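As structure tokens, the structure follows; a few thoughts come after it.
Here the structure is a predicted model, which means the values were calculated and not measured. We name chains A, B, ... by the order of the sequence lines, and we start the count at 1 in each one. What's counted below: heavy atoms across the whole structure, side chains too, no hydrogens, waters or symmetry copies.
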2 protein chains.
Amino acid sequence: MAISQEISYRLERLILDGGLAPEQKIPSERQLAARLGVSRAVIREALHELQGRGVIETRHGKGSFVASMVPQPDNTSDHSPLMHLFEGHPRTLYDLLEVREQLEGQAAFLAAQRATSLDRHRITKAFKALEDTDPLSNARPDHGFHLAIVEASHNPVLVHVLNSLKNMMLMTVQASVANLNPREEMRKKIVRQHRQLYDAVMEGKPAIAQKVATAHVRFVSEAMRDMEKQGSKVIRMPVPGEIPARDSLQNPH
Amino acid sequence: MAISQEISYRLERLILDGGLAPEQKIPSERQLAARLGVSRAVIREALHELQGRGVIETRHGKGSFVASMVPQPDNTSDHSPLMHLFEGHPRTLYDLLEVREQLEGQAAFLAAQRATSLDRHRITKAFKALEDTDPLSNARPDHGFHLAIVEASHNPVLVHVLNSLKNMMLMTVQASVANLNPREEMRKKIVRQHRQLYDAVMEGKPAIAQKVATAHVRFVSEAMRDMEKQGSKVIRMPVPGEIPARDSLQNPH
DNA sequence: ACGGAACACTGGTCAGACCAGTTTTTAATT
DNA sequence: AATTAAAAACTGGTCTGACCAGTGTTCCGT
């Protein structure tokens, strides 16, 4: 494997494991290059990979910083890079969610139809983990729950595609879910949706499971749209093992 | 904003738009550098960003390729990987069709809802080409018709995902159509389905379009299942996947 | 103390070279 | 002529060292 990738993985693990705190400054490119005994070019390439997956932010003349996972008190500048992203190319994000809506629904349908006892056990476990977790930091359990259902669909293609789509979504998105949770009404609704989804799948009711799952994604999507309108900040929250992507594009054709 | 980021955005947009198909090779770093008038370093940094997002894959000595959102068949063996798929893992094919069923339906739904006059023109053109073609060799028009509809959905993510699926599916549509068409009853049904789909999209009836498109894929899928049971061979019919160039990044050749 | 000019950082870009895999072309051998 | 093996022409991976462009600090003259 390429050196730049080894370094990016190494740095990412360091960051996600807490070795480097959010907002903390990363050593300068020249320092890293010297310390790791490689050229500055590979350091830059490694940093660009991390940048691509939203793990770090780089500011010209200042340095690179671990992306914050926590709401940032108003940053002097009126436009954080993240908001800028949303403002500039919000389309793809919703395009992504649009497709996900459909596929999560199908996954739920199939899961309700095909789940084995082992699947049910896994789903139940994930569901309980979701309930037992602090709502403010349940991005991981949330992901685990949905993943368990998708896998119970027993359609590897579906699993792979949904995984790809999730990876292509900004961490920002996942974080936004975490952002939604603090709002009591939202959190309640989401919890109820999860409960409904869980019940439908476990009781083997495909049609209902599909409906609930689709509605769930749509709900999150619309909630984000609202947040965007209100100008609320969308926060990053890296989740290990996930490779989010940024959106782009505005108009096809 | 940094040049490397502008380039990565541009490339990502190209890819998500479908201008660069999954598994398609991206111009070499030196070519991109020359064509875009920048140094190779910034090209590499841009590509590393996309790599971090999982949008592209890079292989030493070979080049960079648009990442497929679908597990790739065993390409190691140069002996008709498709047949291998059919014979060895027939499940995968139906898994693919299962997902496609859903997505083609969604595409049709969105197309009926969002198609512009230009889209309608394209769809009509493709539809007529489909009708005017010898049923025994209309794999390409068939593909063109469905593609026109997908693109009219104005969801680049959907375009890209379906592209991935089709890419891997050995052009199931084409192959199956070629196989199904000779059977008179089948051919008639398929023609009628196409007609219904066309009408629904052109008349702006999303619900109907979705239903028809879904049913169409399911029909083809089940027909193939029947054929398989009867022991009929499912024949591969390769069709050069061509994606029209929409940007100066394409290889002129 | 103040202001501003150097200076010392930071990342961003460029150029050209060379290494390491892969593919194609060429040329020698059979 | 067909095969095969060497050579050339690709591809990405790394290195070097230079210079530009923002940012922050230091220090000096007023």
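Contacts of B:Ile3 with the nucleic acid, taken as non-hydrogen atoms under 4.0 Å apart, involve only primed sugar atoms and P, OP1 or OP2. Using a 4.0 Å heavy-atom distance criterion, B:Arg40 is classed as a base contact. Within the 4.0 angstrom heavy-atom criterion, no nucleotide atom of any strand lies near A:Gln5.
Listed nucleotides: D:dT11, C:dC14, D:dC15. Nearest to the side chain of B:Val38: C:dC14. Side-chain proximity of B:Arg30 to C:dG12, D:dG12, D:dT14: nearest is D:dG12.
One interatomic measurement links the two molecules: CD1 of A:Ile43 to P of C:dT13, which rounds to 17 Å at whole-angstrom precision. Nucleotide C:dT23 holds its P atom 5 Å from the NZ atom of B:Lys62, rounded to whole Å. If you measure from atom CD of B:Gln51 to atom P of D:dG13, you get 7 Å, rounded to the nearest angstrom. Atom-to-atom, CZ of A:Arg59 to C1' of D:dT23 comes out at 12 Å; the value is rounded to the nearest Å. The distance between atom CE of B:Met1 and atom C1' of C:dT13, rounded to the nearest whole Å, is 17 Å. Look at CD on A:Glu29: it is 15 Å from C1' on D:dA18, rounded to the nearest Å. In this structure, the CD1 atom of A:Ile7 is 11 Å from the C1' atom of D:dT14, given to the nearest Å. If you measure from atom NZ of B:Lys25 to atom P of C:dT22, you get 13 Å, rounded to the nearest angstrom.
With A:Leu50 as the fixed residue, the side-chain contact (heavy atoms from CB on, under 4.5 Å) test singles out one of A:Val55, A:Ile26, A:Ile7: A:Val55.
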Item to complete: With side-chain contact (heavy atoms from CB on, under 4.5 Å) as the test, would you mind laying out the steps for B:Ile56 and B:Ile15 before giving the verdict?
Response: CA-CA 9 Å; B:Ile56 69 171; B:Ile15 291 169; 3.9 Å; yes
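Residues A:Arg122 and A:Glu151 are not paired through a salt bridge, judged by the lack of any N-O separation under 4.0 Å between the basic side chain and the carboxylate. Under a 4.0 Å N-O distance rule, the pair B:Glu6/B:Arg10 does not qualify as a salt bridge. Between A:Glu57 and A:Arg59 there is a salt bridge, since at least one side-chain N of the basic residue sits less than 4.0 Å from a carboxylate O of the acidic one. Ion pairing of A:Glu98 with B:Arg114 is present here, as a side-chain N (NZ or NE/NH1/NH2) and a carboxylate O approach within less than 4.0 Å.
Contact annotation: B:Gln31 reaches the phosphate of D:dT11 (side-chain N/O to OP1 or OP2, under 4.0 Å). Close to D:dT14, at under 4.0 Å from its OP1 or OP2, lies no side-chain N or O of A:Ser39. Regarding contacts with the backbone of D:dG12, every side-chain N or O of B:Thr58 stays at 4.0 angstrom or more from both OP1 and OP2.
In this structure, CG on B:Leu14 lies 5.0 Å from CG on B:Leu20, to the nearest 0.5 angstrom.
Residue order along DNA chain D, read from the 5' end via each residue's closest nucleotide, puts B:His48 first among B:His48 and A:Gly61.
With a cut-off of 3.5 Å on both pairing distances, the Watson-Crick and G-U wobble pairs of DNA chain C assemble into stems of 3 or more at C:1-30 with D:1-30.
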